Amino acid sequence: MKRLLMLAGAALLAAGTAAASDVPEYTLVIKDHRYQPSELKMPANTKVRIVVNNQDPTPEEFESTDFNREKLVLPNGSATVYVGPLRAGTYGFFGDFHQDTAQGRLIVE
Ligand SMILES: [Cu+2]
């Protein structure tokens, strides 16, 4: 009985690990208050992970009203944001602290 429970636990753990690594990951770099790249293509109806890497010496906030996310990214730091699943379309995002230059969009198709 004890052995059976341990096996069940191991199976759950393995399933969790597989699910996490199955999420497609994209990287966005913030440099000179701009997103690089400024356009990210990603699959429709799929949950994705975006790692936002801020290479500026000032904080930024990764934000989108189109897909409703807001995440602070520390100077020379990274933050992870889960997005979607989204329907096909174009979704804007911006850096809340430098909206004049930090603009980008997701092309979901
Ligand atoms: Cu904000």
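Keep in mind that this is a model prediction, so the values were computed, not measured. All ligand and atom numbering here is 1-based and tracks the order in the structure.
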- Message: Test of understanding: clusters of I, L, V, M, F, W, Y form through side-chain heavy atoms closer than 4.5 Å, transitively. Do Leu72 and Val81 belong to the same one?
- Response: no
- For atom CG of Asn68, is the number of surrounding heavy atoms from other residues, nucleotides or ligands below 6.0 Å larger than 12? no
- Query: So what's near the Cu ion (ligand 1), protein N, O or S atoms under 2.8 Å?
  - Reply: Glu61 OE1, Glu63 OE1, Glu70 OE2, Asp96 OD2
- Message: Please say yes or no: joined through hydrophobic side-chain contacts below 4.5 Å, possibly via intermediate residues, are Leu28 and Phe97 part of one cluster?
- Response: no
- Query: How far apart are the C-alpha atoms of Phe94 and Phe62, what are their side-chain angles, what is the distance that settles it, and do they pass the ring pair (Phe, Tyr, Trp, His ring centres under 6.0 Å) test?
  - Reply: CA-CA 6 Å; Phe94 54 93; Phe62 174 78; 8.8 Å; no
- Between His33 and the options Asn54, Thr101, Asp56, the side-chain hydrogen bond (donor to acceptor under 3.5 Å, both in side chains) test singles out Asp56
- Write down the atom of Ala44, the atom of Thr46, and the distance for their closest heavy-atom approach. O-OG1, 2.9 Å
